[in-house]
Amino acid sequence: MDKTYNPKSVEEKIYQMWESGNYFSPRKTRGKLPFSIVLPPPNANADLHLGHAMYVIEDIMIRYHRMKGDPSLWLPGADHAGFETQYVFEKQLVKEGKNRFDYPREELYQMIWDFVQKNRGTMENQLRRLGFSLDWSRNTFTLDPNIVEIVYKTFKKLYDDGLVYRGTRLVNYCTRDGTGFSDLEVKYVERNDPLYYMKYGPFTIATARPETKFRDTALAVNPKDKRYKDAIGKTYDITGLLGPVKMTVIPDPHVDPAFGTGIMKVTPAHDPHDFELGQKFNLPVTPIINFRGRMDFSWFLAKKDVDPKYRARAEIYHGKKVAEARALMVEDLKKDGLLVKVDEQYIHRIGTCYKCGTIIEPLPMEQWFVKVKPLADASIEAIKKKKLSFVPKRFEKRAIQWLTDFHDWNISRQIVWGIRIPAWKCLDCKEWTVTAGSTPTTCSKCKNNHIEQDTDTFDTWFSSGQWPFATLRVAQGKPSDFRSNDFDYFYPTSVMETGYDILPWWVCRMIMLGIYATGDVPFHTVYLHGLVRDSKGQKMSKSRGNVINPLKMIDQYGADSLRMSLVYGTASGNDQSLSEDKIRGMRNFANKVWNIGRFIMSDTNKFKGTETKNNEVRKKVATLVKTVTKKIDSYQFGQAAQWLYEFTWHTFADSYIEDYKKGEISYAILFNSFIALLKLLHPFMPFVTEAIWSHLPQKTNEPLIISHW
RNA sequence: GAGCCCAUAGCUCAGUGGUAGAGCGUUUCGUUGACAUCGAAAAGGUCGAUGGUUCAAAUCCAUCUGGGCUCACCA
C-alpha cells in the first residue's frame, strides 16, 4: 500500500469491478421489503454540476440498504429536457449564422437528436465518476419509445377523463423563444415603469401599458366605490388616439379604489385578470400584439371609412415593437392633450422568460391544458393521510400550498424537441382526435380523412412528471425473477431525493400524475436537499465565475472527498456553502482512513500488554454502529458523517491505535473494530473503503459493497 | 399583501430542553516506522435583541431587528 491514498489509481478499477460484478442490480426476493430510488434524470446533453453531485445522498441510502440486505434499486435515466435543450442548440445555430426556421421540423429534430447523442455519454460517465451505484442495466431516456408510449397513454386517459382539454386561454408567451409556457416558467421581476394617467372620455385612467388600450373592451370599477357607482352599466363615448369608441363600465370587486383613479380599463387579450373578467362579462378577446411581440393594427387598417389622420397613425404603429410603439403613443397622447400626468415612481412586477429574460406577453392561444384541481386535491389528500412525508417537514406545508394554488397547466410547447402531442385536428370539422400514440387515418367525429397532427410537443415536466412509474413499468428484470415486472415490486418507490427548488415543477407533478395514473403515490418520502453555493454563500453561476466543477474536484482530490464534503455537517433543506478547503480537508480524511488501514496491515500483532481497554472499545464501536444507523434511518446524513469523521480520526486513530501500541488493546479487537468502521464509512466514501478492504485479509472474497452492515 | 428559511468561535456551518461543537483559519511546540494530506497543546462564542414558559432554554412560545427565498390578477 502506498504511503498516501491515491484515488486516481483505484477509482476506475473499483467502479468497473462493482459494475461488472452486477452489484448494482437488486435481487428481487420474496418476503423482503425492497428499497428503491429513481434518480432525478439529469439533462441528457449537459455536464453535471455540483447540484447533481448532491445525489450522493441517494447513493448513501442505496448502499446502506444494499448492505442491510434489502433488495435495493437505484434507477438511472436521462431527460431530453425539451425547451432547455432546444434553447442551447438554437444558441449554437445562431452562432453559425442560422436559426431554427431555416430547417423543416424533422430535420431540426434530427439535428438536436444528434447533438444530444453526441453529449449523452458524458453525463452518465460523470455519474460513474462520482461512484454512484446506479443500476445501469435499467437505464432509460425520456424519449425511449416505450417511455413515450406510457406518456401517450396517460395523456389519452386524461383526455378521456376530461382532465385534458383544448382551449383558448391567455398563455405566457415568450416572443423571443417563440413558445408558450406554464405559469411556473415565468419569472417575475420588480421594475420601475412610468404609470400614465390619461383622459378616457369623462374619466381618467391609469395604466402602465397604454399600447394595449386600443383593444380595451370595457371599463371596470369597484362596486363599492361611491365615485363611480352611478356609472356602472352605462356606456360612454370616448375619444382616443384612433378616434371615437364606446365603452361600458362594469363592476369588479378586485379593482382597488386606491390605485390610480380607481377606474380600470379592461383588455381581455393581454391581461390575465382582464381575461377572466372578460369571460364573466362576455367581452371579446381582441389581441393587438402578435406572437413576434409586434403591434398588430391590421384589424383597424381593414376598416373602411376611417379618418385618414387616424389611419396614418395606425400605419405608423403597425408592426412596431411594443416598447417602441408605446413611446410613440405617449407622444401622441401629449399632442392630443390626453395625457394628464405621469407617475415616474411606479414600481410593479412584470413577468419575464426565466430563460432569456424577455418580457412575457400574455397572449390568447389555443393550447392543451391539464385540469389540475382534481389531481391536486387527490395529492393533498394523500399528503394529509401521511401516505407521503417530507424531509424536512416544513416542505409539506409548502407542497400543499403549491398544490392548492396551481392553475390549469399549459402542456403545449411550440418547439420540436420533445414528445409530439398525439392529437390530430380535423381540417373540416375542426374537432380533435386524440390517441394513445397510434396515428389515426380519419377524424373521430366526422370520419373525414383531412386531419393534421398538432405540431406542438409536451412540456418536459409532463413526461418527467411520470418518471417513477414510467421507468419502472418499462424496466423489466429477468423473466425468472420474482415479480419480473419492476413496477409490481418496487412501486411506490421509497424515497424521492432532489433539490427543493424543483418542488413545484417536478415533485408536485410527479405526485399528481403518479396518483392519477397508478392509484398510488410515486414515493413514500420526499427528501429535499439545499442548494450548493460558493464559500461566500453566493449562488454559483458562470457569469460570477465561482462555479466549482465537480469533475475537476474529483480529479484533484478524489470522489470520496467531494462526496463527504457535500454531506458532512449539512442538513436537509438548507443551502450550504462549499469551498475547496473543505474538499481538501476531506481528502485528508480519506488519507487518514487509508493510513489506518496501512497500519493495521503492516503492524500485525506486535504489541503485547494488559489489554485492559478491549471492552471499552467494543462498547464504543457498538454505540457508533447504533448511532450511525439511527442517523441514516432518520435522514440525518450530515450528522452520521460527523460522527464517523470524529470517531475515525479522534477516537480510533488518535486513541485506539496509540493504546494498541501500548498493548492496552488486542489486535483482534482493533482489527474487527476497523472492519466495522469501514462498513459504516462505505456508503459515504465507497472507493477508499473498498480499496482498503481489498488489501485486508478476509475470509470471503466478497467486496465491501455487499458486505453485511 | 401572505408564507417560509437563516442569524452559534475569524470564515463556513452542524447541534435543537440538562455544564457550548466540527471543518478551515490562527498561535506555540514536535524530523525516527500508519499518516507532515501528520501529531501534541492553545487562543477564540454572555449561541441576533427583548420578554415569557421551565428546577433548567442556543434549543419551546411571543415580539422585534437584520439577511435571504417563495408565492399573489395591483391595472
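Within every chain, numbering begins at 1; the chains are lettered A, B, ... in the order of the sequence lines, protein sequences first and strands thereafter.
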Give one of base, sugar-phosphate or nothing for [X], where a contact means two heavy atoms less than 4.0 Å apart.
X	value
A/Q556	nothing
A/S577	sugar-phosphate
A/N574	sugar-phosphate
A/Y645	sugar-phosphate
A/H650	sugar-phosphate
A/W643	nothing
A/R394	sugar-phosphate
A/V266	nothing
A/A653	base

Less than 4.0 angstrom from a charged side-chain N to a carboxylate O is my criterion; do [X] and [Y] meet it?
X	Y	value
A/D659	A/K662	yes
A/E361	A/R209	yes
A/R129	A/D555	yes

Presence of donor-acceptor pair under 3.5 Å, side chain of A/K582 and base of B/C24: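 Answer is no: no donor-acceptor pair is held.
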
A/K355, NZ: over 12 other non-hydrogen atoms inside 6.0 angstrom: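 Counting other residues, nucleotides and ligands, NZ of A/K355 exceeds 12 neighbours.
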
Interatomic distance at C1', B/G21 relative to B/A14, whole Å: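 Approximately 8 Å lies between the C1' atom of B/G21 and that of B/A14.
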
Closest nucleotide among B/G39, B/G3, B/U16 to the A/Q639 side chain: B/U16

Which nucleotide in B/U37, B/A22, B/A34 has an atom nearest any side-chain atom of A/I657: B/A34

Base-contact (B) and sugar-phosphate-only (S) positions in nucleotides 67-74 of chain B, heavy-atom cut-off under 4.0 Å, - elsewhere: ---SSBBB

So, [X] versus [Y], ring centres under 6.0 angstrom or not?
X	Y	value
A/Y236	A/F203	yes
A/Y645	A/W649	yes
A/Y527	A/F637	yes

4.5 Å side-chain heavy-atom contact, A/F684 and A/V56: no

Duplex segments of RNA chain B, taken as runs of at least three Watson-Crick or G-U pairs that stay under 3.5 Å: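 So far as stems of 3 or more pairs are concerned, RNA chain B shows B:1-7 with B:65-71, B:10-13 with B:21-24, B:26-30 with B:38-42, B:48-52 with B:60-64.
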
Inter- and intrachain pairs under side-chain hydrogen bond (donor to acceptor under 3.5 Å, both in side chains), touching residues 194-206 of chain A, at least two apart: A/Y200-A/D216

